[in-house]
Amino acid sequence: MADANTRPMLQVAGLRAWYGETLALHRIDLEVREGEVVCLLGRNGAGKTTTLRAIVGLLGRREGQIQLQGHATEGLPPEAIAKLGVAYCPEERGIFASLTTEENLLLPPVLHPGGLSVAEIYQLFPNLQQRRKSPGTRLSGGEQQMLAIARILRTGAKLLLLDEPTEGLAPVIVEKIGQTIRLLRQRGFTVLMVEQNFRFASALADRFYVIEEGQVAGHFRRDELDTQRAEVEALLGL
Amino acid sequence: MDSFFGIPWAALIGQLMVGLINGSFYALMSLGLSIIFGLLHVVNFAHGAQYMLGAFVAWGLLEYLGIGYWPALLIAPLVVAAFGLAFERLLLRRLYALDHVYALLLTFGVALLMEGGFRLQFGVSGQPYPNPLSGGLDVGVTFLPLYRVWVILAALAVCLGTWFFIEKTKLGAYLRAANENTPLVRTFGINVPRMLMLTYGLGVGLAGLSGVMAAPIYQVSPLMGSNLIIVVFAVVVIGGMGSILGSIVTGFGLGAIEGLTKLLYPDGAGVVIFVVMILVLAVRPHGLFGRAH
């Protein structure tokens with residue numbers, strides 16, 4: 001687990017954000033340190049996905065501060081924020097139908113050194129190599145999720161934002177994704193993920209933020225989960 | 001055998017040739033429109049005027065500077081593309097967030113301004129442009145003018161080159177991906193707004209190239225674009241809005257159909273493309289090669 005000596009990868013302070021005219025995030029404060037796996041928990045519509053989208057610059061209107069490795073992202077377009085070393089895997093996976101599996105994988109340009117090589121990615125996900133000529137959307141749901149994660153590992157981004165990586169997948173695939181995230185932590189990646197599957201997340205993440213109605217309603221370390229389980233479950237409505 | 005079901009071979013090949021010449025321009029023009037629509041979701045009504053601009057730049061290069069057809073084939077499309085880049089950067093870009101109809105109105109307005117300006121300066125009668133490739137090929141049953149053969153082959157090569165660029169290259173993959181999900185592609189660090197600008201420049205440059213190639217065949221006149229653009233929009237609708245391959249196949253195919261109709265039923269030649277459009281839309285509302293959005 002990361003301690004106070006590691007550098008902050010991401011600092012979010014007093015974040016407010018709007019979808020059109022609607023205020024979606026009231027106040028989000030959170031921090032992710034280098035090498036950590038941090039999970040955002042909360043009910044549907046609480047603002048977890050919106051928080052990730054705000055970090056990568058996909059919301060038109062926002063206030064408050066977001067810093068990536070100390071760089072403020074205020075006013076930067078998404079393509080400039082990407083160059084600060086963050087990559088985003090959306091909930092709907094965003095696999096391109098008009099691109100083959102391999103074209104999907106190779107689409108994001110390498111922006112920094114230190115990403116995985118294509119050979120390493122194919123070793124990690126052999127299915128993607130077997131099906132590299134198939135259109136990306138012909139893959140199974142699990143393969144598409146792996147492709148969506150795999151393609152942001154090449155780019156050299158050190159902070160990965162994963163939105164519900166296990167949603168709708170079979171247990172054996174969920175297990176594979178858990179292994180992958182552990183491996184990524186070993187490789188020095190930092191992960192901020194949104195997850196509805198609390199059992200999956202509680203075995204994986206170092207720290208948890210509970211988001212409710214666009215605000216941070218609670219914050220726990222993994223070793224606090226047992227002693228504070230009642231409070232966590234109350235917040236999540238489990 | 002000197003006839004085919006009672007039609008002399010010479011007439012058949014001659015009309016097919018005329019059809020394919022028109023088809024070359026339909027294909028090049030609808031290709032540019034498709035690329036622009038596919039990525040920018042802009043119906044570029046200025047496409048005909050930009051074609052006219054290409055022809056006039058070629059004509060002006062020859063008239064005022066003595067620069068001939070072959071250099072103009074490179075210079076004029078670049079001039080038209082530069083015009084397109086500036087137009088996108090300064091005006092068109094501001095409208096992407098609004099309903100598509102605003103961009104359509106802007107490009108339509110620009111087309112009217114351009115055509116009006118050229119009419120004021122040059123009048124409506126056409127300016128002749130000399131044929132850079134005189135002579136022809138004797139293929140036995142008939143005589144094929146060399147310049148027309150060149151136009152068909154060049155148009156085919158440019159169409160296939162553009163198709164290859166979009167379907168088979170890395171940059172083309174960016175375009176296809178941005179077409180599907182622009183925000184996500186931007187989060188990969190790809191500068192999509194700049195890509196949109198260059199795409200508009202490419203599409204408009206193709207219109208300029210068509211204009212130069214058309215100059216020796218049709219005359220160079222301010223209204224040459226608006227005469228062509230109506231048919232080209234029908235071609236785009238038949239092929240399927242935004243489909244690259246659809247534009248190419250439909251462009252050449254409809255040119256050939258139109259040419260043969262002139263031979264078989266001359267009165268129908270003016271409307272045959274629109275009849276095909278009605279039939280296709282009745283069966284496939286998204287066009288022959290189009291996908292539902």
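In what follows, chains are A, B, ... by sequence order, proteins preceding strands, each numbered from 1. Side chains included, hydrogens not; waters and symmetry mates left out as well; all remaining heavy atoms used.
For A/L111, the part sitting under 4.5 Å from any heavy atom of chain B is the side chain, from C-beta outward, and nothing else. Only the side chain of A/R151 has a heavy atom closer than 4.5 Å to any heavy atom of chain B. Proximity to chain B (any heavy atom under 4.5 Å) is restricted, for A/I95, to the backbone atoms N, CA, C and O. Residue A/I81: no heavy atom, backbone or side chain, is found under 4.5 Å from chain B.
In this pair, B/F87 and B/F83 present their aromatic rings parallel. The plane angle is below 30°, not in the 30 to 60° band.
Residue A/E36 is tested with A/K158, A/R207, A/R185 for a salt bridge (charged side-chain N to carboxylate O under 4.0 Å, His left out); the sole match is A/R207.
Between A/E103 and B/R176 a salt bridge is recorded (basic side-chain N to carboxylate O distance below 4.0 Å).
With B/H100 contributing its side chain and B/V43 its backbone, the two residues share no donor-acceptor pair below 3.5 Å.
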